[in-house]
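First up is the structure itself, then whatever we jot down about it.
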Amino acid sequence: MRNRSFLATCILILFLVLTIPSFAANLYGYLRDPCWWSRRNTSDPYGTGMYEFGINANGQNVSAVGGACFSQIYGDFSMTGLAESGGASTNYTISSWSVWWRPAFVFNVNCPAGGTISNIDLRLKAAMWQYAAFWDDTGYYEFGQTFKATGPISMIYLRCPGSANYTLTIHEGGPGGPQVGVTRTFSGSGDWRAIYSYGEMPTVAGNIYYLRVRTSSPAQGGVIMQMDPRADYSDPMPEGCLYLGTGGTPVAQPTRDLGCVIMCDDDGLITNVYNRDGGGNFENVTSVGQTFVARGVNLISASIYSPTSNFVGVFKIKQGGPSGSQVGTTKRAKVGQWATPEIIALWAPGECPLTPGNTYYLEVTRDGGGSFTAYANQYNPYAYGQAYYNGSAVSGADLACTIMEEQSTGSATRSAVKFNTYPTVTDANRGTNSLTVTWTTNVASDSFVEYAAENCPYTNSVYDATQVTTHSVTLTGLKENTMYHFRVKSSRSGYNPVISRDQVICTKNSSPNLLTNPGFEQGSGSSPRWPIPGWTNFSGSTYGLDVKASDGTWFLEIKPRTGNWFVEGAMNGGQSDGGIYQRVPATIGAKYTFSTWVGTWPLELDPSTLKYDVWNDRNRLIHVRIGIDPTGGTNPNSPNIIWTPRMYSHAKYTNLAVSATATSNYVTVFVHMRGTLSVGNCWHLYAVDDCVLTAEMPCTPPSITSHPQSQTKVVGQSATFAVSASGTAPLSYQWRKNGQNINGANSSTYTISSVTTGDAGNYDCVVTNACGSATSNPATLTVAQVYSIGSAKMLGDNTVVALVGKPVSAAFTGSFYVEEPDRSIGIRVDKSAHGLTAGMKADVIGILRTNSDGERYIEASSATQNGSGSVEPVMLVNRELGGSDWYYNPSNGAGQKGIKGAASLNNIGLLVVSTGTVTYVGTNYFYIDDGSSLSDGSGYIGVKVMAEGLSLPSTGQVCKVVGASSCFKSGSDLHRKLRATQIVPLYP
């Protein structure tokens, strides 16, 4: 008997040695969502555990069966006895399933031989996320959400309590924009997920899109849940908002968001193939496969679905097709969650390399051989490959499977900037016109804060490129007692950036607080006490709430935010409904802002357990909203009240505000507390503290009534610009040059005492008051250098010049001539209504030009008398008029082109006198000839004389003509012309 017992014992030991690995890894962890306000235990990371998600793990370079399990009620999971790499420490890749969310991954979880790794943090993430718990019972034809993409969309999750037929599309920019990607349809009610393989929804990171869901017709109203209430009043998509429509153009709802979760490929991974089953499965197969075109550089995961009991899949990747050579390690995997039997095989980055653009074949067989069932889709959802049944292609079909790849080498495991302490604004960093945001990071990185007053989207930002681990950014120029949304981002080259959620905080007030007993410090009696001076409580029509002042010794011993007292609302049972209000005298037309700090402490199951999960059920939430009735009413159910959206601030205080314009001589502020809890011995606990009500008196924005005028000045002169504006005082002024602020230029006028050429430019003024700003039209300051006529005339066209004290030699309508006192040179000046006459001296500022007759002139912006002085005409024979080229440069017009065939000195622009016999008389002109017999191609002999406003002589008369030497153009040549100021007949 002893020999037989000894033999049995030996056999048992041998069996255990052969069947139980001597070294096996044990992996324990949690699958959590992005929740930042809830945690099961104070020692746990924030995040709500996700229940009944399938989870798989495979060791790197290990082909033995990987781990598989599903998450428990608190998100915890465990996989024990995992095969290792030759009994050595092994790196594991862990993933959640792709059924309900885009998979979450953890890479390089190193477990020593036979060791255990605990507290693995498998974290779901999304581009847009919060819990959707409420909905609008009104049915709508169109639901929309604008959003900022973080990459190509792989999944959109919606909750639809109303049954209808829906169509989902994505559009660029907003409602009405061109469609992007494919259309998805669904029907019925409940949770619905749209999934997208590579290329099906090519949204681009950083771009704005519009998610549109429509029912089959405007006559069919659908119901989709909204992001309501908001956790900590955080905006789940600061770049967008909800749209609702019953037909026609949908209407934006700036303070609300659609109850959707948008997941993108934004973590270095590509969702290449994402198929669900449909139209029939593959039964009794020994092998299934799927071809696909690689988009990344490494395969990370491949999954199929099989309901076959005890099924273990053998996953291989081959090049090209079923007969291709194998790539990477063979993997074995099994089902983690049998309700939806997805089987996920995982490779570490680099373990199964791919070449983007090449075709590969996923082959799955049953470990140990035999047949099984695999889910398939008979509607060809994947455009770049097809399914295989026992090695044979099945036209028009694909496997129900998910294939994910690493986008580029190292992208899946790239280091990331992380918050060591989360961004916050401490009370000491709250100013009346500023807020300072502080945070710390694990590595030195830059600092970027976006922010906006009252509602998103963000309208301003502050950036500091300094690489630091302790960050501090101050937002300035803010309004008092105003709620600001803000978001923080820190980046570092070679790292993934860290981006915070949207947060809210209010600036402090500088105006008087109009509330009585705003911090609830006034009153008498022990805690809890009522009444609270200045405040009235109210209850709902069906349910109530016990509202009293507490010193921190009442239920759960919640403490005041500041001071010694606060308002606490308390209810034990299923529902609570109540609050407080205060009525305050008001000025009609004034804007009133009510801010306060509120918090919620829901207790479920027992009186000491804070709520941890189920945030998406409106029957298991408590929430707060604040409001203002601008008519001064005291009915909390009045439609006149301007309410914030519902929110909860879990086990802490959050600062929020609401504004309204008074339409009566009173306004009323409300804090409404409401909740439903239906699990165990429930408690509804609320806190309110530090209320502020301020008034901003009616304000008219600035309006420019008189704009600054353009002017041209000579170097050394003074220039003054002036602006006039209307609007509510005080008005502030800021002059700018070429769009840049001028230091110290802060009055309604701006003077430059002595201009230089560097002062030339465009000047405007921004006029600002408490409710807006207005910018004047720009005025151009042109600065001219003083030149002699000769120096000026040698400059090219379009040059600004100034002449000072030059005698006016001839004056005409719209033009006049000036010359040097020594009669060496002159020039024409064009200026309408110049008011100058011969015998005066003139200051001229203008731009050099060449007219269509080839004569140089100054287009004057300013022409003013500067004393008196005359010049005598230069006597010239006909042939000497005009003269030859003078420093003429045809490339820029400098100098003066001369008369064709002339050899004398150029005198165009001088006052001259010449005589001759009248050879021809035309309309307003005539020709004279002194025997030179000149020809200008007109057919008439002599020199053309313009008699502008003068009496014409007769043909045959001998005349003396005094006037300005000028020219006219015929073809490319210039010819002589006199602009007469005096015509004296000599004979007969």
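By the 4.5 Å heavy-atom criterion applied to side chains, N165 and T185 are not counted as neighbours. Side chains of R501 and S234 form a contact here, defined as non-hydrogen atoms less than 4.5 Å apart. The closest side-chain heavy-atom distance from Q575 to L677 is not below 4.5 Å. At least one side-chain heavy atom of Y92 sits under 4.5 Å from a side-chain heavy atom of L27. Counting heavy atoms from C-beta outward, Q253 and L244 have side chains that approach closer than 4.5 Å. Q226 has its side chain within reach of L242: a pair of non-hydrogen atoms, C-beta onward, lies under 4.5 Å apart. Side-chain contact between F134 and N616 is absent, with no heavy atoms from C-beta onward closer than 4.5 Å. By the 4.5 Å heavy-atom criterion applied to side chains, W97 and Y305 are not counted as neighbours.
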Practice prompt. Step by step, work out the side chain to side chain donor-acceptor pair (under 3.5 Å) result for D232 and Q503.
Written response: CA-CA 7 Å; D232 300 348; Q503 296 176 254; over 6 Å; no
Worksheet entry | C160 and F186: CA distance, side-chain angles, deciding distance, side chain to side chain contact (heavy atoms under 4.5 Å, CB included) verdict | CA-CA 10 Å; C160 308; F186 60 101; 3.6 Å; yes
Worksheet item: Which is it for S189 and S163 under the side chain to side chain donor-acceptor pair (under 3.5 Å) test, yes or no, and what are the steps along the way?
Response: CA-CA 4 Å; S189 61; S163 180; 5.1 Å; no
Item to complete: With side chain to side chain contact (heavy atoms under 4.5 Å, CB included) as the test, would you mind laying out the steps for Y196 and S154 before giving the verdict?
Response: CA-CA 5 Å; Y196 304 92; S154 57; 5.6 Å; no
Discussion item. Using side chain to side chain contact (heavy atoms under 4.5 Å, CB included), reason through W615 and R620 one step at a time and then give a plain yes or no.
Written reply: CA-CA 7 Å; W615 300 97; R620 289 183 61 180; over 6 Å; no
Item to complete: Show your working on side chain to side chain donor-acceptor pair (under 3.5 Å) between S216 and Q220 and close with a plain yes or no.
Response: CA-CA 7 Å; S216 56; Q220 184 185 37; 2.6 Å; yes
Fill in: side chain to side chain donor-acceptor pair (under 3.5 Å) evaluation trace for E239 with T146
CA-CA 7 Å; E239 289 79 10; T146 42; over 6 Å; no
Worksheet item: Under the side chain to side chain contact (heavy atoms under 4.5 Å, CB included) criterion, do L610 and L603 qualify, and how do the steps go?
Response: CA-CA 5 Å; L610 278 169; L603 304 178; 3.7 Å; yes
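Around the NZ atom of K489, the shell of radius 6.0 Å holds no more than 12 heavy atoms that belong to other residues, nucleotides or ligands.
The two residues I224 and P161 have their closest heavy-atom pair at CA-CD, 4.1 Å. Minimum interatomic distance between V99 and R193 (heavy atoms only, all atoms of both residues): O-CD, 3.6 Å. Of all heavy-atom pairs between R102 and L269, the closest is NH2-O, 3.5 Å. Closest approach of T215 to G221, counting heavy atoms only: CG2-C, 4.2 Å. Here the closest heavy-atom approach between residue S408 and residue V297 is recorded as C-CG2, 3.5 Å. Listed here is the closest heavy atom pair of D137 and V223: O-CG2, 4.3 Å.
For the atom pair H684 NE2 and H623 NE2, the distance stands at 10.0 Å (nearest 0.5 Å). The CZ atom of F292 sits 7.0 Å away from the CG atom of N272 when rounded to the nearest 0.5 Å. Separating the CZ atom in F315 from the SG atom in C352 is a distance of 12.5 Å, to the nearest 0.5 Å. Note that the CD1 atom of I300 and the OG1 atom of T413 stand 8.5 Å from one another [nearest 0.5 Å]. Once rounded to the nearest 0.5 Å, the distance linking CZ of R212 with OG1 of T169 reads 3.5 Å.
Ion pairing of R414 with D267 is absent here, as no side-chain N (NZ or NE/NH1/NH2) approaches a carboxylate O to less than 4.0 Å. Of the charged side-chain nitrogens involved, at least one lies within less than 4.0 Å of a carboxylate oxygen, so that E200 and R184 count as a salt-bridged pair.
Looking at residues two or more places apart in sequence or on another chain, you find a ring pair (Phe, Tyr, Trp, His ring centres under 6.0 Å) between Y422 and F419.
Here the side chain of N281 pairs no donor or acceptor atom with the backbone of E283 at under 3.5 angstrom. Distance alone, capped at 3.5 Å, is enough to place a donor-acceptor pair between the Q179 side chain and the G181 backbone. In terms of modelled atom types and a separation under 3.5 Å, the side chain of N56 and the main chain of K334 share a donor-acceptor contact. A donor-acceptor contact shorter than 3.5 Å is absent between the side chain of Q72 and the backbone of Y74. Formation of a donor-acceptor pair under 3.5 Å by the S96 side chain with backbone atoms of A104 is found in this model. Looking only at distances, a side-chain donor or acceptor of K611 sits under 3.5 Å from a matching main-chain atom of D613. Remark: side-chain polar atoms of D228 are not paired, donor with acceptor, to backbone N or O of A132 under 3.5 angstrom. Judged purely by atom type and a 3.5 angstrom limit, S197 uses its side chain to pair as donor or acceptor with the backbone of Y274. Between the N380 side chain and the D398 main chain, no donor and acceptor come within less than 3.5 Å of each other. Checking side-chain atoms of Q378 against main-chain N and O of A397 turns up no donor-acceptor pair under 3.5 Å.
Between the side chains of D502 and Y458, at least one donor-acceptor pair of N or O atoms lies under 3.5 Å. In this structure, a donor-acceptor pair under 3.5 Å is present between the side chains of S303 and E342. No donor-acceptor contact under 3.5 angstrom links the side chains of N298 and E405, judged on distance only. For the 3.5 Å distance criterion, the side chains of S71 and E52 fail to qualify, holding no donor opposite an acceptor. In the model, Q386 has no side-chain atom that pairs as donor or acceptor with a side-chain atom of T291 under 3.5 Å. In the model, D577 has a side-chain atom that pairs as donor or acceptor with a side-chain atom of H672 under 3.5 Å.
Identified under the ring pair (Phe, Tyr, Trp, His ring centres under 6.0 Å) test for residues 228-263, with sequence neighbours left out: Y210-Y243.
F372 does not carry R366 over the face of its six-membered ring by the limits of under 6.0 Å from the centre and within 45° of the normal. At least one cation-pi condition fails for R40 and Y612: the charged atom is not both under 6.0 angstrom from the six-membered ring centre and inside a 45 degree cone around its axis. Cation-pi geometry between R618 and W135 is met: the NZ or CZ atom falls under 6.0 Å from the ring centre, inside 45° of the normal. Judged by a 6.0 Å distance limit and a 45° cone about the ring axis, R214 is not positioned over the six-membered ring of Y166.
W100 pairs with exactly one of F53, Y157, W192, F70 by the ring pair (Phe, Tyr, Trp, His ring centres under 6.0 Å) rule, that one being F53. The side chain to side chain donor-acceptor pair (under 3.5 Å) test with S98 singles out one residue from N275, T271, T402, and that residue is T402.
Using bins of under 30°, 30° to 60° and over 60° for the plane-to-plane angle, the ring pair F282/Y389 lands in the perpendicular bin. Below 30°, between 30° and 60°, or above 60°: for Y384 and Y382 the angle between ring planes is above 60°, a perpendicular geometry.
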